[in-house]
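Take a look at the structure below.
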Number of protein chains: 2
Amino acid sequence: MRRIAILGSTGSIGHSTLKICEAYPDRFAVVTMAAGSNVETAFEQCRRWKPKVMSVAREEDAATLRARLEKAGVGGVKVLHGPAGTVEVSTHPDVDFVVSAIVGVAGLEATYEAVKAGKAIGLANKECLVAAGEMITAEARKQGKPLLPIDSEHNAVHQCMRGGRMEEVTAVWLTASGGSFRNTPKAEFDSITVEQALNHPTWKMGKRITIDSATLMNKGFEVIEACRLFNLPASKVKVIVHPQSTIHSMVEFNDGSILAQLSVTDMRLPILYALTYPERIESDLKFNVLDLKQLDFQAPDLDKFPCLRLAYEAAEAGGAKSIALNAADEVAVAAFLSGEIGFSDIPATISAVLKVTPDVHPESIKKVLECDAEARRAAAEVVAHRRGVEAR
Amino acid sequence: MRRIAILGSTGSIGHSTLKICEAYPDRFAVVTMAAGSNVETAFEQCRRWKPKVMSVAREEDAATLRARLEKAGVGGVKVLHGPAGTVEVSTHPDVDFVVSAIVGVAGLEATYEAVKAGKAIGLANKECLVAAGEMITAEARKQGKPLLPIDSEHNAVHQCMRGGRMEEVTAVWLTASGGSFRNTPKAEFDSITVEQALNHPTWKMGKRITIDSATLMNKGFEVIEACRLFNLPASKVKVIVHPQSTIHSMVEFNDGSILAQLSVTDMRLPILYALTYPERIESDLKFNVLDLKQLDFQAPDLDKFPCLRLAYEAAEAGGAKSIALNAADEVAVAAFLSGEIGFSDIPATISAVLKVTPDVHPESIKKVLECDAEARRAAAEVVAHRRGVEAR
């Protein structure tokens with residue numbers, strides 16, 4: 001029986017994780033949960049799952065939740081809040097597996113503390129690897145506990161890696177849908193609207209990740225994640241555009257063999273894989289091979305998608321540059337979504353922030369968060385400057 | 001250092017195996033070899049590789065070879081002949097790995113004896129699995145030694161299987177180029193000429209295997225091989241047409257994940273894999289992922305290719321029916337190549353032979369060879385009858 005903590009229980013990955021726990025009640029028990037500010041869903045989850053601990057973002061939300069639970073006669077749930085609450089959720093002694101799916105740097109500390117506490121981790125939080133990957137993977141290796149990727153690409157890589165030994169891997173090929181603008185001429189990039197950018201061809205996702213898919217920055221983050229997770233230099237992590245997103249990624253071995261993983265595009269599959277690894281268990285998430293029809297591939301256009309090039313730079317440098325890449329991107333995407341800057345200003349903003357970011361390697365989560373804050377300040381300045389330029 | 005016996009050293013697989021031994025002299029030593037009737041090449045191989053034993057097919061060829069070696073001053077090569085000579089090659093005490101690549105039932109006994117002698121086997125001989133698969137795989141399991149497939153499809157399956165445990169495999173998908181007549185309407189099948197049938201789109205191979213590719217019987221044999229090699233029922237071994245032959249095969253797991261293997265189409269790759277397993281070593285057999293471009297897939301048309309349907313029947317029945325499938329096909333293909341029967345008569349002949357073949361399971365190589373001879377007799381009769389029908 002896997003005893004699970006879910007960081008980000010009210011989000012999309014949290015939701016899919018609970019679906020799996022529902023489908024396999026004899027295998028998985030939800031022990032603790034951390035939500036954000038969605039008190040209504042947190043309340044329903046407490047009622048349904050009776051976790052030992054539920055943590056929410058703010059103190060007032062915790063008070064509201066406590067009152068509602070009492071009124072509904074739901075006992076035994078310890079309600080906490082804030083970063084300390086999330087850490088208590090992730091390091092709870094009854095937990096052996098932590099699903100890390102809080103979006104943003106908010107998930108960093110709780111995940112790192114869980115790794116230090118010797119928990120196995122299912123990792124869906126991008127920042128854990130992009131901003132603090134060196135620290136977190138080093139600690140996981142020290143603990144001898146797995147960091148299992150919960151996203152279709154790295155999960156595919158993890159599966160393909162089983163076909164050989166780490167030292168036999170010569171390259172990892174991450175597949176990219178190519179985003180909404182794969183076939184859009186570069187000349188039209190300046191005039192891309194928010195509505196166009198939010199229309200992703202394959203996955204339905206949150207706004208930031210949809211824009212990150214359109215700029216290929218999402219793939220850039222995945223390059224960094226793959227570097228950290230599999231301890232590979234950026235030169236060995238490659239990207240190939242594959243519009244159907246059927247092959248989720250590939251691993252190339254020294255003898256010339258390449259293994260690829262295919263499946264339905266459903267997050268429950270990588271979650272199930274992570275929760276049951278090294279076993280696999282029967283699921284209804286079947287892909288019909290006879291439906292394959294046609295798979296297309298092409299090289300990514302780094303000229304049209306400079307974000308991917310910037311990510312490679314940050315992947316090689318690591319440390320503060322990786323942190324700044326993520327932080328500046330978040331600020332730039334928010335500015336694009338609110339109409340402050342144009343689509344092509346996103347990479348321009350990030351590039352400007354990377355230039356002023358020192359090549360240092362923070363060695364604590366606190367230092368990581370400081371670098372993150374500094375990059376956000378720098379990005380906000382660049383955005384303000386670009387708005388000023390446009391206003392003139 | 002792998003100490004290797006090559007059964008079929010002068011054939012295509014033998015040639016590729018020697019290329020690999022040449023490229024990695026510190027890893028592989030050729031200890032013994034068995035050739036057929038190509039005395040000239042056998043002589044050159046003795047001079048180059050100085051095997052402890054070289055066996056050829058006929059007594060007179062052995063005498064010629066001995067004389068030539070003596071004249072050339074090449075000492076230390078024991079020259080043998082016939083089935084007993086091939087067994088001595090495959091069971092030589094200094095050998096630990098046998099590459100079984102003699103075409104036809106001639107390779108059966110020597111391979112079976114090698115398995116019984118505890119050698120690891122690299123298997124390129126189809127008949128070992130199609131005609132005697134139950135016996136040979138049972139013996140290999142008993143010995144605890146691997147039977148490593150040396151052909152692109154089963155080798156791909158073997159690689160993909162590493163992504164999970166045997167009991168987690170729900171299906172094996174063998175890819176088929178679809179043969180030369182993938183797009184030929186069924187109505188034209190009766191008038192297919194030998195020249196048309198010998199023109200294979202992807203691989204350059206021998207005549208029989210090229211015709212077997214055109215009828216999809218080759219894929220049918222591979223279905224049987226996969227059933228025996230991986231101990232799967234025929235219902236779990238599926239075929240999908242993939243004209244580019246880039247994905248060499250796939251394995252589907254119970255959770256819904258599918259692993260696929262891709263590589264260049266070069267037999268040295270599966271040979272190298274088998275010789276180094278469970279290690280992989282650096283090779284120059286690289287596939288450029290950026291050249292993938294487009295991969296197509298479609299279901300095989302069992303109506304157009306009845307040989308594949310017949311193979312499934314034989315795979316399920318096993319024993320004498322599998323033996324008869326191979327024997328009758330060899331006779332029918334030879335009759336087609338010599339112009340005695342038409343292309344559509346190939347499956348008709350095999351079907352007729354299967355009907356008269358008893359559902360028995362021979363338990364010795366001798367019994368297998370008797371079944372094989374009986375099926376050939378029956379097939380020759382059917383061919384003679386069909387010629388008679390056509391002559392009228």
Side-chain angles (χ1 to χ4, degrees), chain A residues 155-156 158-165 167-171 173 175 238 240-242 244 246-248 250-264 266 268-270 272-273 276 278-300, chain B residues 155-156 158-165 167-171 173 175 238 240-242 244 246-248 250-264 266 268-270 272-273 276 278-300:
Chain A
N155 193 267
H158 192 276
Q159 296 192 35
C160 296
M161 287 259 180
R162 295 167 73 165
R165 295 173 303 170
E167 60 268 34
E168 292 160 0
V169 171
T170 48
W173 288 88
T175 52
K238 302 178 186 189
I240 184 158
V241 173
H242 167 40
Q244 292 91 354
T246 301
I247 289 184
H248 293 304
M250 298 180 257
V251 171
E252 188 173 337
F253 295 95
N254 56 355
D255 61 355
S257 285
I258 294 163
L259 293 188
Q261 190 262 2
L262 299 71
S263 64
V264 292
D266 187 314
R268 284 177 294 164
L269 210 148
L272 185 67
Y273 179 86
T276 60
E279 261 186 271
R280 291 179 188 269
I281 64 173
E282 185 67 32
S283 87
D284 57 356
L285 304 166
K286 301 300 188 199
F287 178 83
N288 186 353
V289 172
L290 293 174
D291 288 341
L292 271 175
K293 310 290 186 220
Q294 183 180 325
L295 303 179
D296 298 295
F297 303 88
Q298 63 190 70
Chain B
N155 194 267
H158 192 277
Q159 296 192 34
C160 295
M161 288 259 180
R162 294 168 74 165
R165 296 171 304 168
E167 59 268 34
E168 293 161 0
V169 172
T170 49
W173 288 88
T175 52
K238 304 178 185 188
I240 185 160
V241 172
H242 167 41
Q244 292 89 357
T246 301
I247 290 185
H248 292 306
M250 299 181 255
V251 171
E252 188 174 337
F253 294 96
N254 56 355
D255 61 354
S257 285
I258 295 162
L259 293 188
Q261 190 262 4
L262 298 71
S263 65
V264 292
D266 188 312
R268 283 177 295 165
L269 209 147
L272 186 67
Y273 179 86
T276 61
E279 261 186 89
R280 290 179 188 269
I281 64 173
E282 184 68 32
S283 87
D284 57 356
L285 303 166
K286 301 300 188 199
F287 178 83
N288 186 353
V289 171
L290 293 174
D291 288 341
L292 270 176
K293 309 291 185 221
Q294 182 181 326
L295 303 180
D296 298 295
F297 303 88
Q298 64 189 69

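Numbers restart at 1 for each chain; the letters A, B, ... are given by sequence-line order, proteins then strands.
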Quiz item: Which atom pair, heavy atoms only, marks the closest approach of B:D266 to B:P270?
Solution: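 Looks like O-CD, 3.3 Å.
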Identify which of [options] forms the greatest number of heavy-atom pairs closer than 4.5 Å to chain B.
options	answer
A:L259, A:D284, A:L285	A:L259
A:S263, A:S283, A:A299, A:G164	A:S283
A:C160, A:G163, A:A156	A:G163

Under 4.5 Å heavy-atom distance to chain A, tell me which part of [X] shows up: side chain, backbone, both or neither.
X	result
B:R280	both
B:E252	side chain
B:M161	neither
B:L272	side chain
B:Q294	both

Quiz item: Just by modelled atom types, is the A:N254 backbone N or O under 3.5 Å from a matching donor or acceptor in the B:K286 side chain?
Solution: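 Answer holds: yes.
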Quiz item: What distance do B:Q244 atom CD and A:L295 atom CG have between them, rounded to the nearest 0.5 Å?
Solution: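 Output value for this atom pair is 9.0 Å.
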Quiz prompt | Point-to-point distance, once rounded to the nearest 0.5 Å, from CD1 of B:I240 to CD1 of B:I247 | solution = 9.0 Å
Measure distances from [X] to the heavy atoms of chain B and classify the residue's part below 4.5 Å as side chain, backbone, both or neither.
X	result
A:Q261	both
A:L269	side chain
A:T170	side chain

With respect to chain A, which residue among [options] yields the maximal number of heavy-atom pairs within a distance under 4.5 Å?
options	answer
B:R165, B:Q159, B:E282	B:E282
B:V251, B:I281, B:D291, B:N155	B:I281
B:M250, B:E167, B:K238, B:E279	B:E279

Practice problem: Apply ring-ring contact (aromatic ring centres under 6.0 Å, His included) to B:F253 and list each qualifying residue two or more places apart in sequence or on a separate chain. | Solution: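 Here no residue qualifies.
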Self-check item: Counterpart residues, ring-ring contact (aromatic ring centres under 6.0 Å, His included), relative to A:H242 (two or more places apart)
Solution: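 For A:H242 the ring-ring contact (aromatic ring centres under 6.0 Å, His included) partners, ignoring immediate neighbours, are A:F297.
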Quiz prompt | Stepwise side-chain contact (heavy atoms from CB on, under 4.5 Å) test for B:L262 and B:L292 | solution = CA-CA 10 Å; B:L262 298 71; B:L292 270 176; 3.8 Å; yes
Quiz item: Can you check whether B:L290 reaches A:W173 side chain to side chain, under 4.5 Å on heavy atoms?
Solution: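 Yes. Closest side-chain heavy atoms under 4.5 Å.
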